[in-house]
Amino acid sequence: MHVDRTPPHSDTSGPAMATLALSPAPALTVAVVTAGHGGGAWTVESGGRALAAGRAVSCLVEPAVGDTVLLLAESPVGQRILAVLDRGAEAPVTLTGGGNRDVTLAAPAVTIAASRRAALQAPDAEVTARRVAVRADSATLVGRLVEATADTLKTVALSVMSVAERVTASAGTSTRMVQGADTVQARDLVYQAGETALVRGARTSVSAVDDVVITGSRISMT
């Protein structure tokens with residue numbers, strides 16, 4: 001007894017089945033990047049064919065010409081570079097999310113270790129932390145405008161040298177304690193007090209090459 005297992009109204013020779021038969025399945029292959037066109041577009045060569053390819057979001061290494069890459073071919077989204085497999089030993093590596101995507105590193109601890117040089121470049125940079133420590137044998141800060149705001153600002157140094165065209169300091173109360181000698185050298189020296197000016201010492205000397213002038217409505221000397 002013959003049993004026909006073909007579903008009713010099925011046609012294995014129609015246009016729909018022909019289309020399914022001709023649609024290639026996605027495949028993984030190795031390719032070489034031959035050109036970069038900007039905007040996340042590259043040309044790769046695989047099996048003697050030149051293919052237009054984009055980059056998968058999971059591939060954070062920016063492909064470069066000459067790279068050997070893992071390629072997803074004939075996929076519904078087109079060709080996609082999944083990973084950079086090989087590159088010249090001296091060629092730099094750039095990590096990017098592609099397009100305008102931001103990249104965030106999230107971990108309990110993140111370490112950046114560079115044996116030669118580390119550089120940070122950005123139009124705007126911000127560091128937010130409960131504690132920041134910078135240790136260096138030599139440090140240089142260069143800026144058109146540098147501002148420091150703090151409840152308490154403490155500086156400890158063996159030697160401090162400041163060079164400026166003009167220095168302006170404003171404070172509610174100022175106290176300076178010097179264990180040794182305090183020397184001020186200037187072309188003109190002006191002390192001005194709104195209420196009381198007091199100079200006191202075990203020995204006090206005032207000398208001038210030409211004139212010493214003391215003026216006041218009342219002068220007391222004891």
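- For the pair Leu51 and Leu71, the minimum side-chain heavy-atom distance is below 4.5 Å.
- Pro76 and Pro26 get closest at one heavy-atom pair: CD-CG, 4.2 Å.
- Of all non-hydrogen atoms in Thr204 and Arg200, the two that sit nearest each other are OG1-C, 4.4 Å.
- Val184 and Val178 are assigned to two separate hydrophobic clusters, defined by single-linkage of ILVMFWY side chains at heavy-atom distances under 4.5 Å.
- In the hydrophobic clustering of this structure, Val61 groups with Val69; members are Ile, Leu, Val, Met, Phe, Trp, Tyr whose side-chain heavy atoms approach within less than 4.5 Å, directly or through other members.
- Side-chain contact annotation: Thr183 with Gln185, donor-acceptor N/O pair under 3.5 Å absent.
- One N or O on the side chain of Gln79 and one on the backbone of Ala52 form a donor-acceptor pair closer than 3.5 Å.
- Considering all non-hydrogen atoms of both residues, Val33 and Pro63 come closest at CG2-CB, 4.4 Å.
- Side-chain contact between Thr96 and Arg55 is present, with heavy atoms from C-beta onward closer than 4.5 Å.
- With hydrophobic clusters built from ILVMFWY side chains whose heavy atoms lie under 4.5 angstrom apart, Ile81 shares a cluster with Val93.
- When every heavy atom of Thr34 is checked against every heavy atom of Val44, the shortest pair comes out as OG1-N, 4.1 Å.
- Between Val103 and Leu95 the shortest side-chain heavy-atom distance does not fall below 4.5 Å.
- Ala50 and Thr43 get closest at one heavy-atom pair: CB-CG2, 4.3 Å.
- With sequence neighbours left out, Asp182 forms a side chain to side chain donor-acceptor pair (under 3.5 Å) with Arg176.
- Between Ala114 and Arg117, the closest heavy-atom pair is CB-O, 3.4 Å.
- Side-chain heavy atoms closer than 4.5 Å link hydrophobic residues (I, L, V, M, F, W, Y) into clusters, and following such links, possibly through other members, connects Leu72 to Leu70.
- Taking hydrophobic clusters as Ile, Leu, Val, Met, Phe, Trp and Tyr residues chained together by side-chain heavy-atom distances below 4.5 Å, Val77 does not share a cluster with Leu82.
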